[in-house]
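Okay, structure first, notes after.
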Amino acid sequence: MCGLLDRINQPNDIKNIDAKDYRRLAWEIRRFLVRNVSRTGGHLASNLGVVELSMALHLCCELPYDQIVWDVGHQSYTHKILTGRKEEFGSLRQYGGLSGFPKRAESGCDVFNTGHSSTSISAAIGLAKARDIRGGVQKIFAVIGDGALSGGMAYEALNNAARLDSNLIIVLNDNQMSISRNVGGMAGYLGNIRTNTNYTGLKEDVEKVLKKMPWIGEALTGSIRGFKDVLKRIFIPGMLFEDMGIKFIGPIDGHDIKQMVSAFDAAANVKEAVLVHVCTKKGKGYPPAEKDPASFHGVAPFFVRDGTPRADAKDKETYTDVFSRTITALADRNTRLTAVSAAMPAGTGLVPFSEKYPGRFFDVGIAEEHAVTFAAGMAAGGLKPVVAIYSTFLQRAYDQILHDVCLCRLPVVFAVDRAGIVGSDGETHQGIFDIAFMMPMPGITILAPKNSWELKAMLNFSIEYNGPVAIRYPRGEAYTGLEEFKQPVEYGRGEWIARGHGIVLLAAGSMVKTAVEVYHIFKGRGINISVVNMRFLKPLDDILLEKALNGHSLAVTLEEGVVTGGFGQAVADWSNSRNTNAKVLCIGLPDKFLEHGSVSILKEKYGIDAKSIAERVLKAYEEEKGKA
């Protein structure tokens, strides 16, 4: 017998499913998700938690006419299934395949590209205003998690939403988690609403008594709306959303489709912003994910039977592991050292630090801007804060780094994890802009380690340095080669890895390993070239560059970041200002957003793998020789 999911092949097909079969369809969707994500990897726990919520939204909408904005968007897999993309799930997050996030170019049902948190309400208000100006009548939903409500942008949007005089439905998906468990005042506030039965119980009791009164009971029941508002304020102190001017419905069961459809339909008839508070269970339906939703937030391929990873990575230490071990050891010796996370203590390796030094660890939630200025305040107060944030999320705190840290020249250390190409999460998560956006900031020092030993050495340096420091390092296994090169980290100084003639490769961070591979390609052709580990991207090593650019005819910069505004262009500017002998060739990533795909595929496509670099450098070198 064909399953119910076989009948879902295009948008709105769910409306042809009988209501009595919704539970069965939800089960089939969960089974489909677990089986497919176990092969491709992806975001699992968050998607398992919103199956019924996604179904209810699709039952209330006529897609793509009506519009749903998914905050972050990693929980949109069921939405993709229900809009006719289930046959593409075998290619999920693979190069050329289905994106793991909403993508306008992929489907008309994906109304807004998302990938970073706390943006959905702002985008939805914009869509609502566009609808109103055009004279449309679309239903517009913004689905935002309780974790995302720790982001300041969400409050800016809520403040604006309160002024709407037309309909907008904000669905608060409350699963008590962002990636790790939520923290802060909003988490506590929602917890109080979630667990407070006084109001809901009393309201139901009052309505039952009134309905039993002959003739007038129904009329009285319909007239107690104002009384219910009073009850809310008595039994649910604060009522933040209502007090802001946003109608509030809930909390309701996020796994009860009938209840959600009723709530959404009611909310759609209100000529103002309405927030529907829906409670869901992250990881629902798959026991390993229910037990440990944080570990199953984003997963590599795994075995369905028990959730264990398919690949054996237990012996492969990552750069994050090196950071974790080193920063905890440094805290043993420095009582002023503190650590700050923006809702990602596990992802950034700060869990061991938090367990050993809970009084010096701070998870501020999804609030990167606050994390940076909070750290600046601690530094101004005499502490040594280390802020560990992924490169892609550090973008959100640009002004705070520039204005609150660099302007004051405060000794804040930025541990910039996942710098460079990260792969399967695609455009919204590639860490390729951090060099370019930090290079113009006066007073900041930017470092990039060539291997695991050097990351440790740079962290030791940064804790002693009295000024803003950013250390960028890539995702994945830490490189352990070149450990014979252990020159102490000295401010603004790089190191020579190999000395040759004609060509010098000036490599930054992860590209040092690639530069050595290029060196061996040239050596195999009988050409002996030079290789430099720059170490410091800012400030540049004047002494080293003077020797390198005047001692070679071709200087090639290598960086795993965009060329525009990057380290290579800084070297080219330095060379032009001093009229050196060398031509400077900048090799890095293009001025574009990089799609999802494996790191190796993307490096090859964009020409920053060893083979591609060697071919390009050889061509440029021969052209230079031809001019001589």
Side-chain angles (χ1 to χ4, degrees), residues 7-17 19 22 25-26 29 47 50-73 75-86 99 101-114 119-145 148 157-158 160-161 164-173 246-247 249-250 252 254 256-278 280:
R7 295 162 55 186
I8 306 291
N9 297 301
Q10 59 185 0
N12 307 306
D13 276 355
I14 189 174
K15 295 178 181 179
N16 298 323
I17 303 294
Y22 290 163
L25 178 59
I29 291 172
N47 282 286
V50 298
V51 171
E52 289 88 357
L53 170 56
S54 302
M55 291 170 61
L57 286 168
H58 280 250
L59 288 165
C60 292
C61 289
E62 189 67 29
L63 295 173
Y65 180 72
D66 295 323
Q67 299 173 322
I68 305 170
V69 183
W70 297 90
D71 204 275
V72 184
Q75 79 284 47
S76 63
Y77 292 5
T78 299
H79 166 76
K80 295 195 175 208
I81 291 169
L82 296 177
T83 49
R85 286 173 271 179
K86 70 176 187 289
S99 172
F101 294 85
K103 194 170 183 179
R104 285 164 55 90
E106 189 177 280
S107 170
C109 296
D110 293 356
V111 67
F112 202 81
N113 287 13
T114 49
T119 62
S120 61
I121 304 175
S122 296
I125 294 172
L127 289 167
K129 283 298 182 185
R131 172 199 62 197
D132 297 343
I133 291 171
R134 294 194 328 267
V137 293
Q138 295 110 313
K139 297 175 185 175
I140 296 173
F141 289 84
V143 184
I144 186 167
L158 286 169
N160 192 220
L164 279 176
D165 55 4
S166 61
N167 184 250
L168 170 66
I169 305 166
I170 303 165
V171 180
L172 171 56
N173 172 33
I246 297 171
K247 292 296 182 184
I249 298 175
I252 61 177
D256 185 326
I257 294 175
K258 181 179 179 181
Q259 194 177 50
M260 283 187 287
V261 169
S262 296
F264 297 155
D265 285 343
N269 290 315
V270 178
K271 297 299 182 184
E272 54 189 308
V274 182
L275 188 143
V276 183
H277 182 183
V278 173
T280 61

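Keep in mind that this is a model prediction, so the values were computed, not measured. Side-chain atoms are counted along with the backbone in the values below, which use heavy atoms only and exclude waters and symmetry mates.
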side-chain contact (heavy atoms from CB on, under 4.5 Å) evaluation trace for Ile252 with Val278: CA-CA 5 Å; Ile252 61 177; Val278 173; 3.9 Å; yes
Minimal heavy-atom distance between Ile125 and Ala157, with the atoms involved, is CD1-O, 3.2 Å
Sequence neighbours left out, what passes side chain to side chain donor-acceptor pair (under 3.5 Å) with Thr280? Give chain and number order. Asn173
Any chance you could measure Ser54, atom OG, to Gln75, atom CD, to the nearest 0.5 Å? 7.5 Å
Should we say atom CZ of Arg7 is surrounded by more than 12 heavy atoms from elsewhere, each under 6.0 Å from it? yes
Rounded distance [0.5 Å steps], CD1 in Ile170 versus CD1 in Ile144: 8.0 Å
Give me the atom names and distance for the closest heavy-atom approach of Ala26 to Glu52. CB-OE2, 3.8 Å
Counting N and O atoms only, with roles assigned by atom type, does the side chain of Lys139 sit under 3.5 Å from a partner on the main chain of Ala268, one being a donor and the other an acceptor? no
Please report the closest heavy-atom contact between Ser120 and Ala142, naming both atoms and the distance. O-CB, 3.8 Å
Quick one: are Asp66 and Phe141 in side-chain contact, heavy atoms under 4.5 Å? no
Those residues that, when tested against His58, pass ring-ring contact (aromatic ring centres under 6.0 Å, His included) (two or more places apart): His79
Rounded to the nearest 0.5 Å, what separation is found between the CG atom of Leu168 and the CG atom of Asp132? 10.0 Å
Using modelled atom types only, decide if a donor and an acceptor are shared between the side chain of Asn167 and the backbone of Asn269 within a distance under 3.5 Å. no
Residues in side-chain contact (heavy atoms from CB on, under 4.5 Å) with Tyr22, at least two apart? Ile17, Ala19, Met55, Leu59, Ile257
Say you draw a straight line from OG1 of Thr78 to CG of Leu53; how long is it, rounded to the nearest 0.5 Å? 9.0 Å
Please check if the side chain of Arg104 supplies one atom and the backbone of Phe112 the other of a donor-acceptor pair under 3.5 Å. no
For Asp13, what residues pass the side-chain contact (heavy atoms from CB on, under 4.5 Å) criterion, not counting sequence neighbours? Ile8, Asn9, Gln10, Asn16
Nearest-0.5 Å distance that lies between atom CE in Met260 and atom CD1 in Ile249: 13.5 Å
Kindly determine whether Ile68 and Val111 satisfy side-chain contact (heavy atoms from CB on, under 4.5 Å), including the steps that lead there. CA-CA 7 Å; Ile68 305 170; Val111 67; 5.8 Å; no
Report the residue from Lys271, Arg131, Glu272 that forms a side-chain hydrogen bond (donor to acceptor under 3.5 Å, both in side chains) with Ser166. Arg131
Under the salt bridge (charged side-chain N to carboxylate O under 4.0 Å, His left out) test, residues paired with Lys15 that sit two or more places apart: Glu62
Which pair of heavy atoms, one from Leu63 and one from Pro11, lies closest together, and at what distance? O-CB, 3.9 Å
All side-chain contact (heavy atoms from CB on, under 4.5 Å) counterparts of Ser262, not counting sequence neighbours: none
Sequence neighbours left out, what passes ring-ring contact (aromatic ring centres under 6.0 Å, His included) with Phe101? Give chain and number order. His43, His429
Set of side chain to side chain donor-acceptor pair (under 3.5 Å) partners for Ser76, sequence neighbours left out: none
Non-hydrogen side-chain atoms of Asn160 and Ile121 separated by less than 4.5 Å: no
Say whether, by atom type as modelled, one donor and one acceptor occur between the side chain of Asp71 and the main chain of Val143 under 3.5 angstrom. no
Go through the structure and list residues passing side chain to side chain donor-acceptor pair (under 3.5 Å) with Gln67, not counting sequence neighbours. none
Apply side chain to side chain donor-acceptor pair (under 3.5 Å) to Asn47 and list each qualifying residue two or more places apart in sequence or on a separate chain. none
Hey, what do you get for CD1 (Ile140) to CG (Leu127), rounding to the nearest 0.5 Å? 5.0 Å
Glu106: side-chain contact (heavy atoms from CB on, under 4.5 Å) partners, not counting sequence neighbours: Lys80, Arg85, Leu98, Ser99, Lys103, Asp110
Keeping to residues at least two apart or across chains, list the salt bridge (charged side-chain N to carboxylate O under 4.0 Å, His left out) pairs with something in residues 256-268. none
